[in-house]
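For the single chain, residues carry numbers from 1 onward in sequence order.
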Amino acid sequence: MIEVEVNLPELSSEYPVATEQIQKFQEQGHILLRGVVSQAEIDAYRPYILKAIERNLEENHAIEKLVKGNQENWIYIDNLWRLDDIARRFILASRFGQIAAELLGVDAVRLFRDQTYFKKPGGTDTPWHQDGYFMPLDTEKIITMWLPLVEVTPEMAPMSFVTGSHQGAKYLGTSTPQPAKMQEFAESIIQRGYEITSYGTFAAGDVTFHSGWTLHSAPSNKSDRNREVLVIVYYADGARIAQPKKLDSQAPLQERFAEQMRQQTLNSCFPGLQPGDLAVTPMNPLIYRKNT
């Protein structure tokens, strides 16, 4: 990790989350919060984050090989917080953890991982999926923050969410990234009684939070600008590593792929841990704990 002394905003002040917003998140499985990071804070950190990404473009990660992000006009780096001191300050900000904990209704959260999801112009679709299906934890208390470092217009591939799809933490299916297949999947979800929500234009520093079991996707970037987004995933402190699913050779391909992803994620995010272990390693720092 490159360490430098730079005077930057602390990002330790709390963001007020109303009771109504917490209820809305828990009912819908997603929420948009405006101005979580101010433009001044974005302006202070963004140049250093971009430099950190540029220095680490050659990093190879198991998940990247599976999703093939860089081959589809994406810039994808896993756990940038481990690679750069200033990125670490931003990604491990207690403000973000405070919001995550309040929305989840827990006292403390740990970092699962961070990821850069920069889509270049023409960057391809992100298929419909549920993060929790691929995570090796025994808790449903998982939440993802989607944070744009630049303005994101509807042409720049903002996220869409299936409202209420997190209820019951059940697998509802996954699409492939081809536009026709994504549209077909969306239509099938609507036919099942769900509603799809998009939030339109984001200012830099506006964020969405979604449950680990909320179906979501993003289209291709049809603009001439990079969609610069950081994704940070949190889980409730106290979670443990889940037992692996026992699959035979006749198991569906999708389930075998999901179990492969869980194992890859276990190795990369919880190195050295076994099923039943408390989900705590140096890769999972405590981000926020409520003062009691």
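In this structure, L80 CG and R113 CZ are separated by 14.5 Å, a value rounded to the nearest 0.5 Å. W128 CH2 to S175 OG: the interatomic distance, rounded to the nearest 0.5 Å, is 8.0 Å. Rounding to the nearest 0.5 angstrom, the gap separating the SG atom in C269 from the CG atom in L111 is 8.0 Å. Considering CZ of R55 and CG of D84, their distance stands at 4.5 Å, rounded to 0.5 Å. In this structure, CD1 on I99 lies 9.0 Å from CD on E14, to the nearest 0.5 angstrom. To the nearest 0.5 Å, atom CD1 of residue I241 and atom CZ of residue R262 are 13.0 Å apart.
Taking the side chain as every heavy atom from C-beta outward, T208 and L32 approach each other to under 4.5 Å. Taking the side chain as every heavy atom from C-beta outward, W213 and K170 never approach each other to under 4.5 Å. The closest side-chain heavy-atom distance from V109 to Y235 is not below 4.5 Å. M135 places a side-chain heavy atom less than 4.5 Å from the side chain of I142. Using a 4.5 Å heavy-atom threshold, the side chains of Y288 and Y234 count as separate. Residues T163 and Y194 have side chains not in contact (no heavy-atom distance under 4.5 Å, counting atoms from C-beta outward). Proximity of S94 to L11: side-chain heavy atoms (C-beta onward) are nowhere separated by under 4.5 Å. Put simply, the side chain of V233 does not reach to within 4.5 Å of the side chain of D114, judged on heavy atoms.
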(Q) Assess the residue pair Y171 and Q130 against the criterion (side-chain contact (heavy atoms from CB on, under 4.5 Å)); give the C-alpha distance rounded to whole Å, side-chain angles, the decisive distance to 0.1 Å, and a yes or no. (A) CA-CA 7 Å; Y171 177 59; Q130 294 163 288; 3.6 Å; yes
- Task: Report the C-alpha separation of F161 and I196 in whole Å, then their side-chain angles, then the decisive distance to 0.1 Å, and conclude whether the side-chain contact (heavy atoms from CB on, under 4.5 Å) test is met.
- Result: CA-CA 6 Å; F161 305 95; I196 296 175; over 6 Å; no
Q: Start with the C-alpha distance between I22 and E102, add both sets of side-chain angles, then the distance that settles side-chain contact (heavy atoms from CB on, under 4.5 Å), and finish with yes or no.
A: CA-CA 7 Å; I22 296 172; E102 291 192 26; 4.3 Å; yes
Item to check | Candidate pair V106 and D237, rule side-chain contact (heavy atoms from CB on, under 4.5 Å), full reasoning | outcome: CA-CA 8 Å; V106 301; D237 185 37; over 6 Å; no
Q: Would you check, one step at a time, whether the test side-chain hydrogen bond (donor to acceptor under 3.5 Å, both in side chains) holds for Q183 with E187?
A: CA-CA 6 Å; Q183 180 62 32; E187 290 172 357; 3.0 Å; yes
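Ring orientation note: the planes of Y117 and W74 are nearly perpendicular, at an angle over 60° on the 30°/60° scale. The aromatic rings of H210 and H216 sit tilted, their planes meeting at an angle between 30° and 60°. Ring geometry for F112 versus F270: interplanar angle over 60°, hence perpendicular rather than tilted (30 to 60°). Ring-plane geometry between F25 and H166 is classed as tilted, the angle between the planes lying from 30 to 60 degrees on a 0 to 90 degree scale.
The backbone N or O of A18 lies less than 3.5 Å from a partner atom in the side chain of Q21, making a donor-acceptor pair. With Q115 contributing its side chain and N79 its backbone, the two residues share no donor-acceptor pair below 3.5 Å.
Donor-acceptor pairing under 3.5 Å is lacking for the side chains of Q98 and Y15. Side-chain N/O atoms of T124 and K119 include no donor and acceptor closer than 3.5 Å.
Between V152 and R227 the shortest heavy-atom distance is CG2-CG, 3.9 Å. Across all non-hydrogen atoms, the minimal contact from T116 to I77 is OG1-N, 2.8 Å. The two residues I287 and R110 come nearest to each other via the heavy atoms CG1-C, 4.1 Å. Residues S223 and P121 come closest through the heavy atom pair O-CB, 3.3 Å. Minimum interatomic distance between W146 and P158 (heavy atoms only, all atoms of both residues): CH2-CA, 3.8 Å. Of all heavy-atom pairs spanning L215 and G173, the tightest one is CD2-O, 3.7 Å.
Salt bridge present: E41 and R95 bring a charged side-chain N and a carboxylate O closer than 4.0 Å. Looking at D107 and R289, no side-chain N of the basic residue comes within less than 4.0 Å of a carboxylate O on the acidic one, giving no salt bridge. Salt bridge R89/E10: absent, no basic N to carboxylate O contact under 4.0 Å. Ion pairing between D138 and R240 fails under the 4.0 Å rule for side-chain N and carboxylate O.
The hydrophobic clustering, which links ILVMFWY residues whose side-chain heavy atoms are closer than 4.5 Å, places L137 and M283 apart. Residues L50 and Y45 share a hydrophobic cluster, clusters being chains of Ile/Leu/Val/Met/Phe/Trp/Tyr side chains in contact below 4.5 Å. When the side chains of ILVMFWY residues are joined at heavy-atom separations under 4.5 Å, either directly or via intervening members, L286 and W81 end up in two distinct hydrophobic clusters.
A cation-pi arrangement is absent between R46 and F90 under the rule of less than 6.0 angstrom and at most 45 degrees off the ring axis.
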